[in-house]
Amino acid sequence: MKLTAAQIAELAEYLESAQLERREVVKITDRYPDIGMEDAYAIQNQIKQRKLARGEQIVGLKVGLTSYAKMKQMGVETPIFGFMTDTCVIQDASEIPMATLIHPKVEPEIAFFTKAAIRGPGCNIATVLAATDFVMPAIEVIDSRYRDFKFDLVSVVADNTSATRFIVGGKATPVTNLDLAALGVVLEKNGRIEMVGAGAAVVGHPATAVAMLANHLAACGEEIPAGSIILSGGITEAIPVQAGDSISLQIQHLGGVTTRFV
Ligand code: 0L1
Ligand code: MG
């Protein structure tokens, strides 16, 4: 670790205030160019403690930077991980006020709902599918706190992987007899197709992304608890949204989910 406990606390306050006050900030590596991944997750964890202290509840976890295109762009070989609290939850077909956000983008994901804990190390697709109750289509709203949505890897991990809001909908579908890698995905904005993809865009199989999360948590003695929602990662590039935009996601066999920015 390069940072002291006081510096971690200060950077957590810096990033979380930006989120709560809906304003952009310069990335933390501009001030601390030498910090590493351990520092970044320590800052993210400190943000989590701040939210818990204010009474927010953890409702789920997320895997980010999951598409091979995005990983290559950022020069990484593994995804990154974050958390979501109850304030991130938006109901299907409801509205999201732009005034509550900075410069949001949306991306299509498959959400896993766990019925048993998933404990690494050594988790794989089979471990994850055995612990999955059902999956649903999910729209993730990401909203980096950094100026112009520009950051490096360490900065975005500290910023809780741009986690902001998510919406699940469609059918709660058990994974038995479902090939998640082969599921087709269509993301529309205002009735026009913006992105198409398939589950395999997420590290080959969305359950692999969840296994990577479990193995990452195991390194700190943690697990994915039963009853969690896991956003397994963006299947396509994220698209920017503005007030007035309606977003619709359809995933083959899983149904659809919508939201509107106002
Ligand atoms: O959920 C994600 O894949 C976002 C990870 C952070 C990078 C970004 O904000 O685009
Ligand atoms: Mg995502």
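For clarity, every value in this text was computed on a predicted model and none was experimentally measured. Indexing begins at 1, ligand by ligand and atom by atom, following the structure's order. Because only heavy atoms are used, hydrogens play no part in the values below, and waters and symmetry mates are left out as well, while side chains stay in.
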Should K105 and E237 count as an ion pair when the cut-off is N to O under 4.0 Å?
-> no
Sidechain N-carboxylate O distance under 4.0 Å for D159, R145 |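 The answer is yes: the pair qualifies as a salt bridge.
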Kindly indicate whether the side chain of [X], heavy atoms from C-beta on, has any atom under 4.5 Å from the side chain of [Y].
X: P225; Y: T114; result: no
X: T173; Y: F134; result: no
X: L217; Y: F81; result: no
X: Y32; Y: D39; result: no
X: L183; Y: I235; result: no
X: I118; Y: F112; result: no
X: R54; Y: L20; result: yes

Numbering the atoms of ligand 1 from 1, which are under 4.0 Å from a heavy atom of [X]?
X: S162; value: 6 (C), 8 (C), 9 (O)
X: E140; value: 1 (O)
X: F151; value: 7 (C), 8 (C), 9 (O), 10 (O)
X: G64; value: 1 (O), 2 (C), 3 (O)

Please work out whether any backbone atom (N, CA, C, O) or any side-chain heavy atom from C-beta onward of K105 is under 4.0 Å from ligand 1, and answer side chain, backbone, both or neither.
-> neither
Could you find the nearest protein heavy atom to [atom] and give me its residue, atom name and distance?
atom: atom 3 (O) of ligand 1; answer: L65 N, 2.9 Å
atom: atom 10 (O) of ligand 1; answer: K70 NZ, 3.3 Å
atom: atom 5 (C) of ligand 1; answer: T161 O, 3.7 Å
atom: atom 6 (C) of ligand 1; answer: V156 CG2, 3.5 Å

Classify the ring geometry between Y146 and F151 as parallel (under 30°), tilted (30 to 60°) or perpendicular (over 60°).
->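 Tilted: the ring planes of Y146 and F151 meet at 30° to 60°.
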Please indicate whether any nitrogen or oxygen in [X] is less than 3.5 Å from any nitrogen or oxygen in ligand 1.
X: K62; result: yes
X: S144; result: no
X: E107; result: yes
X: G234; result: no

Just to the nearest 10 degrees, tell me the angle at the Mg ion (ligand 2) spanned by E107 OE2 and E140 OE1.
->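 Rounded to 10°, it measures 110°.
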Return the name of the atom in E109, of element N, O or S, nearest to the Mg ion (ligand 2).
->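 Nearest N/O/S atom: OE2.
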